[in-house]
S.K.: 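Handing you this structure, nothing more for now.
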2 protein chains.
Amino acid sequence: MNTHSRPVTLRMIADEVAVDTSTVSRILNSTDLDARRWGSVELIAKVRLVAAARGYRRNPQAASLRTRRSGLVGVLVPRLQDPVLATIYEGIEESATEQGVSTFVTNSMDDPETQATRTELMLARRVDGLIFGDARTDSPYLDDLAARGVTFVLVSRHAGNHIAVTCDDLLGGRLVANSLLASGRRKIAILSGQPYASTAQDRATGAIEACREAGVHIPERNVLAGGFDVAGGRKAMEELLACGERPDAIFATNDFAAIGAMGVLRDRGMRVPDDVAVVGYNDTPIAAELGIPLTTVRSPMHEMGRLGIDLLLRMLRGEPVESVRLPPELIIRGTSS
Amino acid sequence: MNTHSRPVTLRMIADEVAVDTSTVSRILNSTDLDARRWGSVELIAKVRLVAAARGYRRNPQAASLRTRRSGLVGVLVPRLQDPVLATIYEGIEESATEQGVSTFVTNSMDDPETQATRTELMLARRVDGLIFGDARTDSPYLDDLAARGVTFVLVSRHAGNHIAVTCDDLLGGRLVANSLLASGRRKIAILSGQPYASTAQDRATGAIEACREAGVHIPERNVLAGGFDVAGGRKAMEELLACGERPDAIFATNDFAAIGAMGVLRDRGMRVPDDVAVVGYNDTPIAAELGIPLTTVRSPMHEMGRLGIDLLLRMLRGEPVESVRLPPELIIRGTSS
DNA sequence: ATGCACTGCACAAACGTTTGTCGCAACCTA
DNA sequence: TAGGTTGCGACAAACGTTTGTGCAGTGCAT
């Protein structure tokens, strides 16, 4: 009950049981059965008892100094404020704590320089490995990192042939296009997000391919780059309309971009879905609750996070791993009926 | 360029400069001027040079083993998926990295038991202090923690008289109520969120007080508890309508609850804002982009995060600190015109 | 000439773990 | 009975820092 008593150490409990700290360490670090190699049954019981009674918690920094493993992993995301990445991170953090490792997360703002400095900061913290949710297809940074022997996995986006956990965005795009085509839409425009993000590009590419296979051509000028947020969708949509285009369907590769686009459509008096259908991506919780519920593609964000950290930990254990691609699911709602 | 060379240590650079590690440590840990106490000008320059050339990064776990300070702070939030908390955390993390400390964040799901176990996990990681974004007014847990000598600050919500950084939610509630009253609304209902969250309660209380001062009574049955998300707002709204109430204004103490409520209103054919005005809270980025732009109260989330960690670090340095209450700002938009 | 304060560094002891190695019984096998 | 194995545990050396103390040499005043 002492307000500022120093933490209990191995030494204290070793003294109390009258054995060496090494013995206590071994006993506390192995399972009941395995511990029999290191002490008699009574000793094991007594050590465990005293440790629990004194409230022993091993000092992680002392341990990692010795073991050269920190039990820490760094996570980089473009922006945690983005609910998509926040959800992925929740999955990462959840599985990480279950497995006894801790995670640092930080924003890179999708800026290559920030990404590099933040990564170095993580490495300076002696993380065992990294998870990138902000991989760029246009940067060799990850290749350099791999060459340096740093262990990492990618989530959400893929790049190069680094280990990655992604949603099958190519398929997601195809699902959207096929659905729009089936409902008679022909003049499809795509708000495709950042050009360096594989998510955006794959979704757009999938849609374009599906259209082409159905004999529908999507002209270049109808594929707009923009951000993955409301403002980005708004901007891209304005740009599109400014060119004089009058599409009958909008595929935004992100729910928030879709919301931004719908804001512009409302301002211009264009009705959804009568004049123009709108489809998003990710099935964010609000998608279903909008004035007109949003048609979207559900991607397994939470699971991607869990799988990401699981893969990383397996790599750190030296096990062989392979990239994972999870299936998307089209959810048809009011904006494309 | 060695793929797996071991990190550079003090020892290595000490050997190269032919001085003791202690000297190197002192030089590297002080500013140029201050370092003069520990070595000649030439030595300081040489040490700095070699350290930079070899890419020396101090080992944080070795340092904290010695100093008994980890440079780590733990952050607990109800749910990171909630953009409000995500934004607050961004503020925390931003200022923390600027000041050279690292943060762990984890979800408590607003569950007292999870909150306690996660806190213990953080303490086992030897964090120097904690930030709680999930304080409950109905739990003595934080008092116990304070009694144990743990350093922490609260953000977003306050509880007891622990140091906290909050928005003036009482005032925020009053602003909303006065605005609704000014536009002629009289039958005001409040979706007040979790009863144990000071944010929800203060916002509701502020509104109720302002109404009473204006001679308008809000009956108990028009104040509904619910979650801070879309589903919670939807549920509370359905509950309200099920009681036969027909309010002409809804004050949801959270933007997402407001969106959920508007979903229900739409289903019932009630028009916003003609039949019923809707006001949210927090001014989330989507608020401005909804089918009908949402009237809301802007709360300084990012700044609350920054101030929270700043206060904590000051406390850890032994400086005296006081709670901070930041002003809200009413943003009137389409849902209450 | 003696004392004293600086300057500029070295020495060494921690901090709390983990882990390779060794010792010493008792027990089995031949 | 000799030699080998097994069970139970101690010893000690790290891991990379930080920090209290010591100690020469120099300059200055006494």
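Chain letters run A, B, ... following the sequence lines, proteins first, then strands; residues in each count from 1.
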S.K.: Taking only Lys NZ, Arg NE, NH1 and NH2, and the carboxylate oxygens of Asp or Glu, determine whether B/R306 and B/E98 approach each other closer than 4.0 Å.
M.R.: yes
S.K.: Could you state the atom-to-atom distance from CD of B/Q61 to C1' of D/dT17 in whole Å?
M.R.: 11 Å
S.K.: Counting heavy atoms not belonging to B/E319, are there more than 12 under 6.0 Å from its CD?
M.R.: yes
S.K.: Within this structure, what is the CG-to-P distance between B/N59 and D/dT17, rounded to whole angstrom?
M.R.: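 After rounding, the gap between these two atoms is 6 Å.
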S.K.: Tell me which nucleotide among D/dT17, C/dT17, C/dT19 gets nearest to the side chain of A/R69.
M.R.: C/dT19
S.K.: Can you check the A/M12 CE to C/dC15 P distance for me, whole Å?
M.R.: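 The distance from CE of A/M12 to P of C/dC15 comes to 9 Å, rounded to the nearest Å.
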S.K.: Any ion pair linking B/E120 and B/R148 (charged N to carboxylate O, less than 4.0 Å)?
M.R.: yes
S.K.: Once you round it to whole Å, what is the distance between P of D/dA14 and CZ of B/R11?
M.R.: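 In whole Å, D/dA14 P and B/R11 CZ are 13 Å from each other.
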S.K.: Could you tell me whether the phosphate oxygens of C/dG16, OP1 or OP2, come under 4.0 Å of any side-chain nitrogen or oxygen in B/R68?
M.R.: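 For C/dG16, OP1 or OP2 has a side-chain N or O of B/R68 closer than 4.0 Å.
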S.K.: Regarding A/D110 and A/R157, does a basic nitrogen lie under 4.0 Å from an acidic carboxylate oxygen?
M.R.: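 Answer for the salt bridge query: yes.
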S.K.: Using a 4.0 Å heavy-atom cut-off, does B/S25 contact any base of the nucleic acid, only the sugar-phosphate backbone, or nothing at all?
M.R.: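 Base contact.
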S.K.: If only side-chain N and O atoms count, and only distance matters, is there a donor-acceptor pair under 3.5 Å linking B/D310 with B/Q99?
M.R.: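 Yes, because at least one side-chain N or O of B/Q99 sits under 3.5 Å from a partner of the opposite role on B/D310.
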S.K.: With the sugar-phosphate defined as primed atoms, P, OP1 and OP2, and the base as all remaining atoms, what B/S/- string results for nucleotides 6-12 of chain D, 5' to 3', for protein heavy atoms under 4.0 Å?
M.R.: --SSBBB
S.K.: Please say which of A/I131, A/L85, A/L80 ends up in a side chain to side chain contact (heavy atoms under 4.5 Å, CB included) with A/V105.
M.R.: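 With A/V105 as partner, side chain to side chain contact (heavy atoms under 4.5 Å, CB included) holds for just one option, A/L80.
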S.K.: When the distance from CG of B/L65 to P of C/dA13 is rounded to whole Å, what number comes out?
M.R.: 17 Å
S.K.: Would you kindly give the CG-to-C1' distance between B/D15 and D/dT17, to the nearest whole Å?
M.R.: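 Roughly 15 Å, once rounded to whole Å.
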S.K.: How many Å lie between CZ on B/R6 and P on D/dA14, as a whole number?
M.R.: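 After rounding, the reported distance stands at 12 Å.
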